[in-house]
Amino acid sequence: MRDLMAITARPEVISLAGGLPDTSTFPAATFAAQMTRIAQESTAEALQYGPTEGFAETVDCIVQVMGAEGMLPDPDDVIVTTGGQQAIDLICKTLVDPGDVVVCEAPTYPGAVPVFCSYQADVVQIDCDADGMRVQDLEEVLARLDGEGRRPKFVYSVPSFQNPAGVTLSLERRRRLVELARQRELLVVEDNPYGLLRFGGDPLPPLYQLDGGDFVIYVGTFSKILSPGIRLGWAVAPPPVMEKIVLGKQAADLCTSTLTQHFVREYFAEGRWREYVDSLVEIYRARRDTMLASLRDHFPAQATWTEPEGGLFIWATLPGYIDTGDLLAKALREDVAFVPGQAAFVEEGRGRSSMRLNFSGVGEDEIREGIRRIGVAIAEQVELYGALTGEHPVEGSKDGGHEAERSPTDEALGGGGDVLPFRKTGEAGG
Amino acid sequence: MKVVVLKGGRSLERGVSLRSGARVEDALERLGHEVVPLDAGGDLVKRLAAEKPDVVFVAMHGPGGEDGTAQELLEILGIPFTGPGVAACGRCMDKVLAKQELLEAGVPTPVWFAFNETAFRELGAADALGALEERLGFPLVVKPSRGGSALGVRFAASWFEVPEALVSAFSYDDRVLLERFVEGRELAVSVLGSEPLPVVEAIPGDGDRYDFEARYEIGRTEFVCPAELSAEQTEAVTSTALAAYETLGCSGFSRVDLILADDGPQVLEVNAIPGLTDTSLLPQAAEAAGMSFEDLVERILDLALKPAAA
């Protein structure tokens, strides 16, 4: 799969595969002015090593960002990391020994899977539906693990506009998850890169806010609200965990780039960071709407997809006989790419008929064209399958009553589990 | 010597090709050559005309670079290149064509039937599938005709699984083959010039098949080289591989993949330009023959410049 992804980087490919924010609207003049000021006022410091925990000024910016979602972290509990990805890595490094159980969502952030695997965690996934992780299933799994004398090191969740599914954990489930964490003294890692990218509806309190930071370790990032290129993220953890994270960070890379920390400091000093986030929200909302409309126009009636209220991703699930890894090969011949769903699951065979579609990285025309091309490729597969089996596709998706509009509330995402035929061959995959 | 390393391109095996290319470039540099890496794209002919290399090392895999397309351009430009020529590449890339040639030449290859998509869409070929059960049996293997690295290859344990497998295979090519599954040991014989290298055996991890991931992920598959075979088995496998290589008109180097069944070896396919990555089989076979990767690369260059030296 990684090898197919090598082709998605070709310039002629419309890539709905990445998780790229649109950095093209960031004003070049602002960037130039800030970098110039850094050069004039703090060249030596900006080119020097910095503290492992990060500059206090960076932490101030982080406190502002978290404050915008109602959180009030103690600055001493914050460490600046090289992107949110490093925060996940450091948390695993601190907490996970080979064979330890790590619980996450199904589907989960595809970039977290290799991290968990590299620390040889035993990854247990909990199905998501339209309201995010099914916390009732989590309770069952925890009880089962109790019976085996095992205790997860932590539960990893992207509660808001989840990557890859685009779903958001409901308030009720958030409360229940935090309650469970307290009752069981179980750590929850809340990864919240997209919380501020809300297109509509009421904001929900982050788990960190509900819990107060006792059992919730928080992971944040500037990647989606400012720039992924600056590689600035952070973790917030209670002191005993933080001490170990700092040691891990020291071993990994001593400190996060001081140059980009200076950039963030200057940028926040202007006091307009929220305006930029709001401008991104406008852009992404329009792109999401375009993608949803294109999906209704071009995907077959048997397909379902999520309708995210924010973030960067839509998760679509196709009839069970379609393998999205193979569909990607076909789509690439038409110069369009997406992420096959399998990457979001640890268990082999799951997610084979699902796909992650990104709507933030390319413009509306490309989204329309990209979805159209994928739709054509799917239609060919549906038609072929029909010719092979005598099963014919359900007609009439466009005039209402689309399956996706039912929204997959009661149905787990990605597996097509009980409703659709589920592939089971001896074929192996990664 | 000025060597252009041709790699990348648009094929699905682009990633593998970039890795093959990078490794070849390192070796060429260590050998003291002037190396120009070239990612095959729309400016290929212009770049080649401008660079005027002494030789092109073709490290491309899959359609575009391994099927004779790039080779044809190199012939037009009059630039010597490594590996098989246009016709051999074309035959090897298309499994249906290759198997027909092998069959006619009496080289054993598993029984198969080929279909194109039109047959199913327009001619009701699905109704003919039932008649194949007796000929092929289950499990059977469904493969795209043109494609490499086992991409799109599916095993169907029963008729129930055939439609899905066909949908998968047709994602890679508009022609697919249904092939009898032959139980046996998975072997590969690389041929350098006209010399077979030691046989490699691929032993997939528990329950795994030797699929795309297994091919390129270090540790997924165990390789044994030289394979533990009796002298008779080695002779049978090697001579069958050489026969396949010659039948398809290969030159320079290629790799023949076989299954060693109870009743002898059968050729699955011939890879005109086999992978040269860290986990690829040709470099392992060369090493078993006492050649370093540099030796191998130098030898491949020699064969391109002095075909008679084979």
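Convention: sequence-line order gives letters A, B, ...; per-chain numbering from 1. What you are looking at is a predicted structure, and each value in this text was computed from that prediction instead of being measured.
Contact annotation for B:Ser11: only backbone heavy atoms (N, CA, C, O) come within less than 4.5 Å of a heavy atom of chain A. At a 4.5 Å heavy-atom cutoff, the contact between A:Glu12 and chain B is made by side-chain atoms alone.
Within the 4.5 Å cutoff, side-chain heavy atoms of B:Arg10 are placed close to those of A:Asp335. Between B:Leu12 and A:Leu332 there is a side-chain heavy-atom pair separated by less than 4.5 Å.
Between A:Leu384 and B:Val167, the shortest heavy-atom contact is CD2-CA, 4.0 Å. Between B:Pro163 and A:Tyr385, the shortest heavy-atom distance links the atoms CB-CE1, 3.6 Å. Of all heavy-atom pairs between A:Gln381 and B:Ser171, the closest is NE2-OG, 2.7 Å.
In this structure, the separation between CH2 on B:Trp159 and CG on A:Leu388 is 11.0 Å, given to the nearest 0.5 Å. Between the CG atom in A:Asp326 and the CZ atom in B:Arg154 there is a gap of 4.0 Å [rounded to 0.5 Å]. Taking CZ of A:Arg333 as the reference point, atom OH of B:Tyr172 lies at 10.0 Å (rounded to 0.5 Å).
Other residues, nucleotides and ligands contribute only 12 or fewer heavy atoms inside 6.0 Å of the CD atom of A:Glu334.
Residues meeting the side chain to side chain donor-acceptor pair (under 3.5 Å) test with A:Lys153, sequence neighbours left out: A:Asp100. Applying the salt bridge (Lys or Arg N to Asp or Glu O under 4.0 Å) test to A:Arg144 and every residue at least two apart in sequence or in another chain returns A:Glu148.
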